[in-house]
Amino acid sequence: MKILFLDQSGKPGGAELCLIDIAKPYGDRALVGLFADGSFKSLLQQHQIPVEVLATQPIQVYKSSSFLKGLGSLKQLIPLIIKVVKKAREYDLIYANTQKALVIGALASFFARRPLVYHLHDILSKEHFSQTNRRLAVTLANRFASLVIANSQASQTAFIQAGGHRDLTAVVYNGFEPKVYQTCEFEVRRLQHKLRLEGKFVVGHFSRIAPWKGQHILIDALAQCPPQVTAILVGDALFGEQDYVQQLHQQVAALELETRVKFLGFRSDIPQLMATCDLVAHTSTAAEPFGRVIVEAMLCGKPVVATKAGGAMELVEPGINGFLVKPGEPQELAQIINLCLHQTENITIMAKNAKYIATQRFDVTNINQQITQLLASKFNIAALNHS
Ligand code: UDP
Ligand code: GLC
C-alpha cells in the first residue's frame, strides 16, 4: 500500500515528530507532502523518508480564523489542491496529519477518488479552535474520512462532542523507541557542566514556547522554591509567539530569577537534556491533546509532573508514575517541586515504575502495528506489506 501523508507544517512540532515514526516503515511507498518548507523537511530526509514541499506559499488561515477568512484563502489554495490531487493519484491512500492537511486531503480524496485517513492530534475545543474551524474539521472528517485516528481519548471525545461520528474513530497513542532515551552518563555530565547545572535541583520544561504551554506558570512556581531549584526551558516559539517570549523574559527579570531560569531554545538532544533534570514539568494551561514530553520524561526515567486535563490524564496515574496538578496553579506546582526536592527515594522508585510502564505502553513497534491493523481492517487489505 502506498500512502501520501500530508502535513501543513515545515516545523517539527509533536504531530510532525509522531508522523516520522508512522511514515518511516513505509520507506519508498510513502511520500510526505508538506505545505511549508523548513527544518521538518530536513528531519524527514535524515530519516530517509521521501518528502516534497507541495505549497509555494504559506496558508494564511489560523486556528482562530473566521469563516470569511477561510473562504478568502480558498483562491490561494487552488494550485495546492491541484498538485495534491495529481500526487494522490499515484498513491492508494491519503493520510492527513493536521487540520489544513485535512481540508486539502478531503478535496483531493474526492477528486482523486482515494480514501482518506485523518490523524487527529488536536482537541477540537473552544480553548484551541474557533467554532468555524471545529465545524470544518468535523464536517470534512465525517463526509470524507474513512478513519479518524485520535491521539488520545480526550481528543476522540472532543471530536465526538463537536459533532464527529464516533464509529469513524479509533484511539492510538504516540509511539516511542525506548532505546533513543538511553543516555551515556559521561555525555550527560558534560552537558550538566556546560549548562552550569551541577549541584542544582533542575526542573526541565520541554515544549515549544506558547502561552497555553504555560512556561509562565513554572517561572512563578520557581519563585516559591528554594534557591538551588533551577529551570531549563527547552523549546522555541515555533508559530510566531514572540510577544510571549518577551513576557517570559520580563517575568524572569521582575522575579529576579535570571540565574535560575535558562532559555535553551529549540534542541535536538532532548534525551540528554532530560537526563540532566531532577524533575520534568508539563504545565499546559489548556487541555493537552496527548503530550509527548510526558512520555519522553518517563522513558528517560525522570519524575514528571503534568497538568490535570486532556491526554495527560491518560498518561499519568498520580502517585504511581507521576504527579498531576491543577492547570494554571503555580502554588500546587511549587509544592510538588518541593516534595521531589526532599523525598528523593520514593520519587526515584516512582520514576523507575513510570519508565517500565511507558516502555510497555508506548513502544513504537506496537503502536505502528495498531495503525497497520486499523488500515488493514478499514480498507479490507489482508496484510499490509511495510517493505
Ligand atoms: N521538542 C524538541 N525540541 C525542543 C522542544 C521540544 O524536539 O526544543 C520535542 C519534544 O521532545 C516532543 C515534541 O517536541 O517530542 C513536542 O511534542 P508535545 O506532544 O509534547 O507537544 P506539541 O508541541 O506537539 O503540542
Ligand atoms: C499535537 C498535540 C500534542 C501531541 C502531539 C502528538 O502537537 O498538541 O499534545 O502530543 O500532537 O500527537
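Small disclaimer: the values here were computed from a predicted structure and weren't measured. Both ligands and their constituent atoms are indexed starting at 1 by order of listing. Below, all heavy atoms of this structure are taken into account, side chains as well, without hydrogens, waters or symmetry copies.
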Open item on the list: Less than 6.0 angstrom separating the ring centers of H249 and F263, yes or no?
Closed with: yes
Open item on the list: Check for me whether K11 meets the cation-pi criterion with F40, that is, NZ or CZ under 6.0 Å from the six-membered ring centre and within 45 degrees of the ring axis.
Closed with: no
TODO: Rounded to the nearest 0.5 Å, what's the gap from NE2 on H342 to CG on N338? Could you check?
DONE: 6.5 Å
Task: Region of L17 that comes within reach of ligand 2 [heavy atoms, distance under 4.0 Å] - done: neither
Open item on the list: When you compare ligand 2 with F290, is there at least one nitrogen or oxygen pair between them that comes in under 3.5 angstrom?
Closed with: yes
Task: Shortest non-hydrogen contact from P178 toward T359 - done: CG-CG2, 3.8 Å
Task: Distance from atom 7 (O) of ligand 2 to nearest protein heavy atom, with residue and atom - done: A15 N, 3.5 Å
Task: Within the 6.0 Å centroid threshold, strictly below: Y244 and H216 - done: yes
TODO: Please report the shortest heavy-atom distance between L43 and P12, naming the atom on each side.
DONE: CD2-CB, 3.9 Å
Open item on the list: Ring-plane angle category for F290 and F176, please: parallel below 30°, perpendicular beyond 60°, tilted otherwise.
Closed with: parallel
Task: Numbering as shown, the atoms of ligand 2 that approach R292 to under 4.0 Å (heavy-atom distance) - done: 10 (O)
Task: Approximate separation, where rounding is to 0.5 Å, of K355 NZ and Q182 CD - done: 6.0 Å
Task: Nearest-option assignment for atom 10 (O) of ligand 2, heavy atoms, candidates A154, G291, G310 - done: G291
TODO: Say whether N151, considering both its backbone and side-chain N or O atoms, lies within less than 3.5 Å of an N or O atom on ligand 2.
DONE: yes
Which protein N or O atoms sit under 3.5 Å from any N or O of ligand 1? Give atom names and distances.
| from | atom 1 | to | atom 2 | distance (Å) |
| --- | --- | --- | --- | --- |
| ligand 1 | 3 (N) | R267 | O | 2.8 |
| ligand 1 | 8 (O) | R267 | N | 2.8 |
| ligand 1 | 11 (O) | E296 | OE1 | 2.7 |
| ligand 1 | 11 (O) | E296 | OE2 | 3.4 |
| ligand 1 | 15 (O) | R292 | NE | 3.0 |
| ligand 1 | 15 (O) | E296 | OE1 | 3.3 |
| ligand 1 | 15 (O) | E296 | OE2 | 2.8 |
| ligand 1 | 19 (O) | R292 | N | 2.9 |
| ligand 1 | 20 (O) | R292 | N | 3.3 |
| ligand 1 | 20 (O) | V293 | N | 3.2 |
| ligand 1 | 21 (O) | K213 | NZ | 3.2 |
| ligand 1 | 23 (O) | R208 | NE | 2.9 |
| ligand 1 | 24 (O) | G14 | N | 2.8 |
| ligand 1 | 25 (O) | R208 | NH2 | 3.3 |
| ligand 1 | 25 (O) | K213 | NZ | 2.7 |

Task: For the student: nearest non-hydrogen atoms of C277 and G204, plus distance - done: SG-CA, 3.6 Å
Task: atom 1 (C) of ligand 2: the protein heavy-atom neighbour that sits closest, reported with distance to 0.1 Å - done: H121 O, 3.4 Å
- [ ] First locate atom CD of Q46, then atom OG of S39, and finally report the distance between them rounded to the nearest 0.5 Å.
- [x] 9.5 Å
Open item on the list: Could you tell me, atom by atom, which parts of ligand 2 come under 4.0 Å of a heavy atom of E288?
Closed with: 3 (C), 8 (O), 9 (O)
Task: N174 neighbourhood, listing ligand 2 atoms whose heavy-atom distance to it stays under 4.0 Å - done: 6 (C), 12 (O)
